[in-house]
Amino acid sequence: MRYDHKAIEPKWQKIWEDKGVFHAEDNSNKDKFYALIEFPYPSGQGLHVGHPRPYTALDIVSRKRRLQGYNVLYPIGWDAFGLPTENYAIKNHIHPRIVTQQNVARFKKQIQSLGISFDWSKEINTTDPEYYKWTQWIFLQLFKKGLAYKKEMSVNWCTSCKCVLANEEVVNGVCERCGSEVVHKVKSQWMLKITEYADRLIDDLDLVDYPERVKTQQKNWIGRSYGAEVDFKTSTGDTLTIYTTRPDTLFGATYMVISPEHPMIEKWSGILNNIDAVREYQAAAAKKSDFERTEVAKDKTGVKLDGVTAINPVNGKEIPIFISDYVLVSYGTGAIMAVPAHDTRDWEFAKKFDLPIIEVVKGGEVEKEAFTNCSTGIMVNSGFLDGKTVEEAKKAIIEYLTEKGIGHAKVNFKLRDWVFSRQRYWGEPIPIVHCDKCGYVPVPEDQLPLTLPDVESYEPTENGESPLANMTEWVETTCPHCGGKAHRETDTMPQWAGSSWYFLRYIDPHNKEALASKEAIKYWMPVNWYNGGMEHTTLHLLYSRFWYKFLYDIGVVPNPEPYAKRTSHGMILGSNGEKMSKSRGNVVNPDEVVDEYGADTMRLYEMFIGDFEKSAPWNPQSIKGCRRFVERYWNLQDILTDDDNIRPELESSFHKTIKKVGYDIENIKFNTAIAALMALINDITATGSITKKELEIFTILLNPFAPHVTEEVWQQSKLGDGIVAQAQWPSYDEAKCKDDTIEIVVQVNGKVKAKLTVEADIDKDAALAQAKSNEKIAPLIDGKNIIKEIYVPGKLVNIVAK
RNA sequence: GCGGGUGUGGCGGAAUUGGCAGACGCGCUAGAUUUAGGUUCUAGUGUCAGCAGACGUGGGGGUUCAAGUCCCUUCACCCGCACCA
């Protein structure tokens with residue numbers, strides 16, 4: 001019988017769906033396993049072969065867990081709000097809702113052809129009002145706790161999307177999505193206080209199993225630093241507060257720098273002799289886009305304030321104050337003390353403006369370059385700190401400053417609050433009403449969802465307002481608080497909103513009373529295993545941890561972290577080694593692969609292609625190897641015998657493979673798991689036959705990777721009622737993983753000279769005796785002085801002879 | 001500049017704690033079989049050399065009986081951040 005994937009695959013997909021075999025059980029007393037992939041954005045292009053890589057990986061884990069007796073939840077849905085759909089709608093004059101429906105239908109069909117064991121009864125869509133009702137509800141809770149606030153601020157503005165971007169969405173000074181220039185614009189924006197959670201977002205990384213690189217990236221992004229704030233008195237009698245991580249170097253501060261936007265400049269405008277030059281510098285700095293700023297990043301510029309000086313609080317010395325754009329208004333206090341001897345930027349600035357450089361930590365050559373890597377140095381030129389180590393000096397100076405009331409220890413973060421409004425149509429409306437009398441008033445919860453009204457045009461308005469702003473009858477409303485005239489907020493939420501909590505909705509997707517029932521959340525959370533892309537480390541992954549912590553604080557969820565374990569997949573590249581994209585013309589459509597080779601082959605190849613965590617190029621030749629493997633497996637049916645045991649000569653191969661495949665799946669080494677199965681099938685076919693028991697075990701091991709063909713073989717060979725329905729993941733016996741005889745290597749002076757076949761449990765003396773009497777070895781050591789003899793059990797013998 | 005990562009045959013990639021480098025697969029070579037052919041099977045396939053043998057995991061140095069793996073140094077590429085005081 002020929003292997004016909006086109007008949008087999010749809011057949012089993014239908015059986016699984018009809019029987020609902022992948023539906024997670026409610027109120028189960030089994031142990032639960034919640035596997036999660038990042039739900040896709042249903043774009044107009046459809047799936048490419050990169051999408052199924054993570055889906056297949058966690059499908060393998062999920063299927064294995066089911067065979068191990070777990071109650072598994074493996075859901076999928078659609079992250080369907082977003083700009084590409086909206087832009088498509090603008091261009092083609094189709095409602096984004098319709099576009100979304102079409103795209104979802106296509107994606108769904110494509111994904112279903114792969115035989116992923118998703119529980120489709122839990123499917124969600126972020127654009128569904130029944131879904132975004134709860135996105136809005138969470139926003140209102142944030143608002144009530146003061147974590148959502150509106151602020152007039154300078155924001156990143158994409159000139160093409162006519163829309164505000166979060167810091168995270170600006171890449172090299174241009175818009176992450178469309179590549180257009182991003183400028184600064186002062187606008188009133190909704191903000192979320194993610195900074196309030198900065199400490200916990202770092203510290204709680206200790207509670208979870210994430211790859212180290214993900215943890216470090218999040219830590220660096222949040223950027224916690226420990227230092228001190230110090231007050232400097234000025235000649236005008238004012239106080240300039242600075243932030244520094246090096247309070248120990250305070251005696252080396254020879255000037256100060258404040259950012260061009262620092263508010264104190266306005267206060268001093270009447271006193272400054274060179275106010276025109278200062279104004280000019282401010283204007284130039286304001287005009288620079290982020291892109292220009294980074295381009296000239298290393299070239300220090302600035303203007304000395306003529307007419308104001310500051311006093312170094314520890315030694316009373318009078319020092320000048322500069323403005324320079326190398327000091328950022330948004331970090332720390334927007335003002336620094338400059339210690340050119342021990343900070344590279346200060347050093348460059350000091351050289352350029354010919355300012356004194358005073359060494360305060362011994363060990364460097366501060367006239368040649370800044371001595372920054374000086375944590376083990378000893379303090380000099382620093383009064384009462386002299387002779388102390390840097391660490392001691394830090395402690396001592398903070399004590400001193402605190403005692404005098406002119407400074408204190410301070411922790412700072414690079415993380416900024418999250419800009420949460422977008423001036424676009426295709427997003428969740430922000431459920432807030434503006435009332436002249438009452439201010440910002442939340443839409444009452446019983447009026448949620450606040451649905452997105454239909455508009456004539458999806459284009460942002462000329463003045464940068466959301467298209468919703470033109471919907472007069474929707475915008476004009478009454479204040480829920482005082483009943484007076486009021487208007488609705490017309491901004492919508494960013495795409496990250498819906499994806500910040502979707503894993504909670506999967507648990508209980510049709511609940512009308514809550515985002516999910518308490519019992520269900522308690523049973524299913526946290527997600528046991530979440531796989532996703534590295535590119536979301538500082539975006540989605542951070543945002544959703546933040547929301548989850550907030551929900552924990554208000555008692556909605558019972559634990560502080562949403563994801564117990566996170567893994568990351570590498571990209572699948574085009575066959576030319578470049579990223580797959582339409583413009584490069586190297587996109588591979590999975591439909592064609594499924595059609596030609598079948599879903600099982602495609603799944604195997606996606607997993608066999610290389611290390612799951614690394615990117616790998618798609619090779620249209622290589623996939624044939626996986627197809628051959630499936631056929632070799634299929635053909636085992638032709639050599640099937642009735643024996644109900646594992647033959648002795650294959651026993652250790654089987655036990656080793658069971659062990660390895662299990663271990664490799666848990667450690668995302670799918671490529672070597674498949675290699676082990678290929679090696680085993682080679683061993684089996686070499687014997688010319690296969691027993692029933694052997695086929696049964698092999699079939700279960702292969703099932704998570706190639707679910708259709710294994711079910712078909714199971715049925716054809718009358719092994720039972722079906723793998724999903726009946727089988728159990730096999731166990732192995734450690735004792736049986738060992739062979740009776742093994743081959744050990746004999747080295748002389750570290751070079752391999754012979755190989756011996758010996759009893760597995762041979763001891764050192766016997767092994768050495770055999771080695772020395774070996775015909776190849778004996779002449780090599782004859783008459784020589786044996787200096788050392790090494791025996792590594794089960795591996796090798798090394799004789800060192802001179 | 002800082003942080004993280006990678007470098008192994010013609011290609012994708014293997015290699016618990018330092019212990020036979022190149023598993024598994026692609027490709028290639030030869031042979032067999034079937035077909036007109038893409039199928040399948042068998043054998044071979046790191047490099048140099050006819051063999052013995054020597055060399056070989058980006059380069060250089062070191063530790064060790066033994067190094068892809070540990071240490072020092074250097075180069076190349078990729079990703080993230082980018083004046084965060």
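Just so we're on the same page: letters track the sequence lines, and every chain starts at 1.
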Base of B:C83, side chain of A:K300 - is there a donor-acceptor contact under 3.5 Å? yes
Would the base of B:C20 count as contacting A:K755 through its side chain, where contact means a donor and an acceptor less than 3.5 Å apart?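 Answer is yes: a donor-acceptor pair is held.
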Base, sugar-phosphate, or nothing for [X], non-hydrogen atoms under 4.0 angstrom?
| X | result |
| --- | --- |
| A:S615 | sugar-phosphate |
| A:S225 | sugar-phosphate |
| A:V745 | base |
| A:N671 | sugar-phosphate |
| A:I609 | sugar-phosphate |
| A:N682 | sugar-phosphate |
| A:N798 | base |
| A:E789 | nothing |

Atom-pair distance ([atom1] on [X]; [atom2] on [N]), nearest Å:
| X | N | atom1 | atom2 | answer |
| --- | --- | --- | --- | --- |
| A:W618 | B:G13 | CH2 | P | 14 Å |
| A:Q621 | B:G38 | CD | P | 14 Å |
| A:K764 | B:G19 | NZ | P | 18 Å |
| A:I572 | B:G13 | CD1 | P | 11 Å |
| A:K614 | B:C79 | NZ | C1' | 14 Å |
| A:I674 | B:A14 | CD1 | C1' | 14 Å |
| A:M607 | B:G12 | CE | C1' | 14 Å |
| A:F670 | B:G13 | CZ | P | 17 Å |

Glycosidic class, syn or anti, of B:G80 using a 90° window around 0: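 Anti conformation for B:G80.
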From [options], pick the nucleotide closest to the side chain of [X]?
| X | options | value |
| --- | --- | --- |
| A:R213 | B:G4, B:C24, B:U17 | B:G4 |
| A:P617 | B:G12, B:G25, B:G3 | B:G12 |
| A:W221 | B:G19, B:C81, B:G25 | B:C81 |
| A:V752 | B:A85, B:C65, B:C20 | B:C20 |
| A:A616 | B:A85, B:G12, B:G80 | B:G12 |
| A:D343 | B:G27, B:A14, B:A85 | B:A85 |
| A:K788 | B:G4, B:G27, B:C65 | B:C65 |
| A:T672 | B:A15, B:A85, B:C20 | B:A15 |

So for atom NZ, which belongs to A:K304, do other residues, nucleotides or ligands contribute more than 12 heavy atoms lying within a distance under 6.0 Å? no
Pairwise 5' ranking along RNA chain B for A:Q217 and A:T244, keeping only the more 5' one: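 The residue closer to the strand's 5' end, by nearest nucleotide, is A:Q217.
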Whichever of A:S622 and A:V792 has its nearest RNA chain B nucleotide further upstream toward 5': A:V792
Test item: side-chain donor near acceptor, [X] and [Y], under 3.5 Å:
| X | Y | answer |
| --- | --- | --- |
| A:Y605 | A:D600 | no |
| A:D417 | A:T195 | yes |
| A:R632 | A:N682 | yes |
| A:Y543 | A:T538 | no |

Looking only at atom [atom1], what distance separates [N] and [M], rounded to whole Å?
| N | M | atom1 | result |
| --- | --- | --- | --- |
| B:A23 | B:G12 | P | 15 Å |
| B:G9 | B:G25 | C1' | 14 Å |
| B:U8 | B:U57 | P | 11 Å |
| B:A32 | B:G22 | C1' | 29 Å |
| B:U6 | B:G13 | C1' | 14 Å |
| B:G18 | B:A54 | C1' | 24 Å |
| B:C11 | B:A82 | P | 37 Å |
| B:C81 | B:U73 | P | 28 Å |

OP1 or OP2 of [N] less than 4.0 angstrom from a side-chain nitrogen or oxygen of [X], does that happen here?
| X | N | result |
| --- | --- | --- |
| A:R628 | B:G27 | yes |
| A:Q747 | B:A66 | no |
| A:Y331 | B:A85 | yes |
| A:R632 | B:C41 | yes |
| A:K751 | B:C55 | yes |

Salt bridge check: are [X] and [Y] linked by an N-O gap of less than 4.0 Å?
| X | Y | answer |
| --- | --- | --- |
| A:K352 | A:E348 | no |
| A:E789 | A:K772 | yes |
| A:E613 | A:R213 | yes |

Quick one: does A:R53's side chain have a donor or acceptor within less than 3.5 Å of a partner on A:I572's backbone? no
In Watson-Crick or G-U wobble terms, both distances under 3.5 Å, what is the partner of [N]?
| N | value |
| --- | --- |
| B:U6 | B:A76 |
| B:A15 | none |
| B:G22 | none |
| B:C28 | B:G44 |
| B:U64 | none |

Geometric cation-pi criterion, A:K300 with A:Y326: 6.0 Å, 45°: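 Yes; both conditions hold, so A:K300 lies above the ring face of A:Y326.
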